[in-house]
Amino acid sequence: MNIYRMLWKRIGGRPWTYIIRDFWQRYEGLCIIALVAAGVVLGQWYFERLLGLMGAFALGYLAGHLFWGTEYTPGQQGKD
């Protein structure tokens with residue numbers, strides 16, 4: 001049996017991604033405030049390391065969009 005499935009059946013009763021999505025929809029403002037506060041705290045304590053992590057994430061995000069998403073077609077043209 002899938003370990004994740006076994007866990008969410010016992011803790012929450014449904015996939016945690018759905019639970020988090022519902023929480024975000026109900027308490028969007030609170031979530032945004034919490035994320036900004038966490039960013040401020042991390043920025044104060046780990047500014048240099050945080051910048052490096054954000055840069056690495058940005059490069060990974062860019063690489064993901066450049067290389068994964070649609071099937072590769074040699075010489076593919078853009079849509080007009």
Side-chain angles (χ1 to χ4, degrees):
M1 177 179 235
N2 185 340
I3 293 174
Y4 174 63
R5 184 179 176 89
M6 181 182 68
L7 281 173
W8 67 251
K9 280 187 147 198
R10 293 187 177 152
I11 304 171
R14 61 194 183 120
W16 296 336
T17 51
Y18 297 161
I19 295 170
I20 293 168
R21 189 182 310 155
D22 288 345
F23 186 82
W24 179 273
Q25 290 296 320
R26 286 189 202 122
Y27 306 106
E28 184 175 356
L30 181 65
C31 291
I32 291 171
I33 290 170
L35 289 171
V36 169
V40 168
V41 169
L42 288 174
Q44 291 293 320
W45 292 343
Y46 304 107
F47 183 71
E48 292 84 15
R49 184 177 293 165
L50 190 63
L51 281 178
L53 289 172
M54 287 178 4
F57 176 81
L59 288 174
Y61 188 78
L62 178 64
H65 279 80
L66 289 175
F67 301 110
W68 297 280
T70 59
E71 191 172 325
Y72 173 68
T73 304
Q76 184 174 7
Q77 299 296 313
K79 295 180 181 176
D80 289 336

Asks: About how many Å separate CG of Leu30 and CD of Glu28, when rounded to the nearest 0.5 Å?
Replies: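 Answer for the CD-CG pair, Glu28 versus Leu30, is 11.0 Å.
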Asks: Test of understanding: clusters of I, L, V, M, F, W, Y form through side-chain heavy atoms closer than 4.5 Å, transitively. Do Trp45 and Leu51 belong to the same one?
Replies: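 In one cluster with Trp45: Leu51, yes.
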Asks: Would you give the length of the straight line joining atom CZ of Arg26 to atom SG of Cys31, rounded to the nearest 0.5 angstrom?
Replies: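 Going from the CZ atom of Arg26 to the SG atom of Cys31 covers 11.0 Å.
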Asks: Indicate if Ile32 and Leu35 have the same hydrophobic cluster label, given that clusters are the connected sets of ILVMFWY residues with side-chain heavy-atom separations under 4.5 angstrom.
Replies: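 Same cluster: Ile32 reaches Leu35 through Ile, Leu, Val, Met, Phe, Trp or Tyr contacts under 4.5 Å.
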Asks: List for me each residue that meets ring pair (Phe, Tyr, Trp, His ring centres under 6.0 Å) alongside Tyr27, sequence neighbours excluded, and say none if there are none.
Replies: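 By the ring pair (Phe, Tyr, Trp, His ring centres under 6.0 Å) rule, Tyr27 matches Phe23.
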Asks: Kindly write out the residues that satisfy salt bridge (charged side-chain N to carboxylate O under 4.0 Å, His left out) with Arg14, not counting sequence neighbours, or none if the list is empty.
Replies: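 Salt bridge (charged side-chain N to carboxylate O under 4.0 Å, His left out) list for Arg14, sorted by chain: Asp22.
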Asks: Could you measure the distance from the CG atom of Leu59 to the CE atom of Met54? Nearest 0.5 Å is fine.
Replies: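 The CE atom of Met54 is 12.0 Å from CG of Leu59, to the nearest 0.5 Å.
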Asks: Are Ile19 and Ile11 connected into the same hydrophobic cluster when the rule is that any two of I, L, V, M, F, W, Y join if their side-chain heavy atoms are below 4.5 Å apart?
Replies: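 Yes, because Ile11 and Ile19 connect within a single hydrophobic cluster, where side-chain heavy atoms sit under 4.5 Å apart.
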Asks: Can you name the ring pair (Phe, Tyr, Trp, His ring centres under 6.0 Å) partners of Trp24, sequence neighbours left out?
Replies: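 Trp24 satisfies ring pair (Phe, Tyr, Trp, His ring centres under 6.0 Å) with no residue once adjacent residues are dropped.
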Asks: Might you confirm whether atom OH of Tyr61 has over 12 heavy atoms from other residues, nucleotides or ligands at distances under 6.0 Å?
Replies: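 Not more than 12 within 6.0 Å, no.
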Asks: In Å and rounded to the nearest 0.5 Å, what is the CG to CH2 distance from Leu7 to Trp16?
Replies: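 Separation between the atoms: 4.5 Å.
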